[in-house]
Colleague: 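One structure follows; several queries about it will come next.
Starting from 1, each residue takes its place in the sequence as its number.
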Amino acid sequence: MNKAFFYPVLMVTSLAWLPSCDESAPQASEAAVEQPQPAEPAKPTAPTAEELQALLAEHLPSCDVAEVGSLSSECTEPAEDGSVSITAHIPLTLRENLYAEQSAPECFNEQRKAMNDAANAAVKPESVYLLQVGGTTDILTDADRAPKPLPEEMQKLANELKNLAESSVCVQQKAAGDTLELIARATARYEGEAWVLSDITIDSSALQAIAELKPESAVQAAGIPVLTPEFEQARKDEIAAKLNEFNTLAEPYINSREDNARATLARLQAQAEEAAHRANEEAAKAEATRQTWLNLCTKALAQGKNFSGEWTRDNQFGELTLHIETVKQFDNSIQFIGSIYDTKLPEASLDIAGRCELTPTEQGAKVDISIYDGRYDPDQPTAEVYDARDGLLTLFLTQDGKLNGIMSCGAWANTPEKAFRVSLTPRAEASEKSSSRRRR
């Protein structure tokens, strides 16, 4: 609201003042008897209109939308000290119409609600349309559940409708020519050659009542519409036209959303079918790979099989044979028992128990073997393992049927450099010693 309405001083140079209260006071009659000396002039009993005008001018509030009219006043009889109490009535005439700014009539917003159905359908989450065309909840994502923004052109129209329905209007409260009245009260004393006012009070409640109102010139400059029957009808017609434009845009868009949902559902179903087919292919491939490794492991680690090769550690080396005595197969592994011995000294051997993991790694199928007691050459470096109670072999069965890895002890976990490298190749025939040796 426009509150910069008044100014500290109102100049009243155009006042047409009424006669002061002293003009109606009784006049002294001429002396009936001629005095020997000239009499002193009588003191005035009240200020004249001109004097009152000058004395009050600087105390009056100012209003730039009104003109000051003719001043009238009343005064009391002079007190013993010669002072008089004065009440002045100062009319103000409005130069232009005054308006109050307020919210638009509710009927505009009620009319705007006709867009709600189309707008709500347009912003529904994609999930609503997917379910509507036969989708199931398992295909929905968080993005599908989020409301959709209106298309740019529809959002522009929605904003325009909101502005038309909710923008402020002005309603006339005062008309040009209406009058207001200020009331001034004061005590006047004649001192020396002039009147002096004191205890001045100005009742400006009439101005305060219009302080929040906007003059017509300000309303026009701001472009704020004035609420009239003609304006109200024109605004309703404008809202109706925008509503028609909005609904015309919304209908094909909403229909396209359902069509798009059908296309999305078809795409998701095709992707699901493809994923299922791929999963079946991968499962079949994995099963074929597993079966290949199962066959390889079963064939390589069969009863009576022998592997021969060498062990090395730094610049040390020697020969080694691994013999499989008996085998038992499980779903995910093959377990066996057998022996290991120096190929050159088959009479001295150690019992072993092993397990082959049927799920291969990059190195091959892992074979863990525990070494138990037996006979061995104490002068060979491998005796370090055979002497221990935690000897083991960690080997990998490769696709070409070889066993590669290390022979070590559990206690050497922190000293891996002590381990023996082992490389074994399957032998065509089992050694006579290995096949007839009694298991210890």
Side-chain angles (χ1 to χ4, degrees), residues 1-31 37-100 173-215 217-218:
M1 302 301 289
N2 184 2
K3 297 185 178 179
F5 210 45
F6 308 106
Y7 299 88
V9 178
L10 172 66
M11 299 306 294
V12 290
T13 56
S14 62
L15 285 174
W17 301 91
L18 293 179
S20 173
C21 54
D22 65 330
E23 297 180 16
S24 60
Q27 303 295 318
S29 61
E30 295 181 3
Q37 298 294 331
E40 294 182 3
K43 290 183 178 181
T45 57
T48 64
E50 292 78 7
E51 290 172 326
L52 194 55
Q53 171 188 341
L55 293 169
L56 287 175
E58 64 178 291
H59 299 285
L60 294 177
S62 182
C63 176
D64 59 358
V65 296
E67 294 179 354
V68 179
S70 299
L71 177 149
S72 63
S73 64
E74 305 96 29
C75 61
T76 63
E77 290 293 330
E80 290 183 3
D81 61 357
S83 64
V84 293
S85 295
I86 298 174
T87 301
H89 301 272
I90 308 166
L92 300 177
T93 302
L94 296 177
R95 294 192 183 97
E96 54 184 318
N97 300 332
L98 298 182
Y99 297 86
Q173 301 295 312
K174 296 288 184 181
D178 287 352
T179 59
L180 311 172
E181 184 178 76
L182 301 180
I183 300 175
R185 295 180 176 85
T187 299
R189 287 182 180 84
Y190 193 76
E191 298 178 358
E193 299 293 329
W195 285 96
V196 176
L197 297 184
S198 62
D199 301 327
I200 300 171
T201 61
I202 306 294
D203 181 358
S204 59
S205 57
L207 292 181
Q208 294 172 3
I210 64 169
E212 299 296 324
L213 301 181
K214 291 179 178 292
S217 57

Colleague: For a side-chain contact (heavy atoms from CB on, under 4.5 Å) check, start with the C-alpha distance between L56 and L197, then their side-chain angles and the critical distance, and finish with the verdict.
Modeller: CA-CA 8 Å; L56 287 175; L197 297 184; 3.9 Å; yes

Colleague: As an exercise, state the distance from OG1 of T45 to OH of Y190, rounded to the nearest 0.5 Å.
Modeller: 11.5 Å

Colleague: Specify the closest pair of heavy atoms between L94 and K174, including all atoms of both residues, with the distance to one decimal.
Modeller: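 In terms of heavy atoms, the two residues are closest at CD1-CB, 3.5 Å.
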
Colleague: For a 4.5 angstrom cut-off between non-hydrogen side-chain atoms, does Y99 reach L213?
Modeller: no

Colleague: Any idea which heavy atoms bring L98 and P215 closest together, and the distance?
Modeller: CD2-CA, 3.7 Å

Colleague: If you look at every heavy atom in I86 and C75, which pair is closest and at what distance?
Modeller: CG1-CB, 4.0 Å

Colleague: How many angstroms lie between CD1 in I210 and OG in S205, if you round to the nearest 0.5 Å?
Modeller: 11.0 Å

Colleague: Return the NE2 to CD1 distance between H59 and I200, rounded to the nearest 0.5 Å.
Modeller: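 Going from the NE2 atom of H59 to the CD1 atom of I200 covers 3.5 Å.
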
Colleague: Among L207, L60, I90, find the residue that satisfies the side-chain contact (heavy atoms from CB on, under 4.5 Å) test when tested with I202.
Modeller: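 Single side-chain contact (heavy atoms from CB on, under 4.5 Å) partner of I202 among L207, L60, I90: L60.
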
Colleague: Quick check: closest heavy atoms across P61 and S204, and the distance to 0.1 Å?
Modeller: CG-CB, 4.0 Å

Colleague: Roughly how far apart are R189 CZ and S83 OG, rounded to 0.5 Å?
Modeller: 4.5 Å

Colleague: Could you check whether any side-chain heavy atom of L52 comes within less than 4.5 Å of a side-chain heavy atom of S73, counting everything from C-beta outward?
Modeller: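 Yes, at least one pair of side-chain atoms sits under 4.5 Å.
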
Colleague: To the nearest 0.5 Å, what is the distance between CD on E74 and CZ on R185?
Modeller: 9.5 Å

Colleague: What's the shortest heavy-atom distance between N97 and A175, and which atoms?
Modeller: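 Taking every non-hydrogen atom into account, OD1-CA, 3.3 Å.
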
Colleague: Out of curiosity, S217 OG to D64 CG, how far, rounded to the nearest 0.5 Å?
Modeller: 8.0 Å

Colleague: Given side-chain contact (heavy atoms from CB on, under 4.5 Å), test H89 with I183 step by step and report yes or no.
Modeller: CA-CA 5 Å; H89 301 272; I183 300 175; 4.1 Å; yes

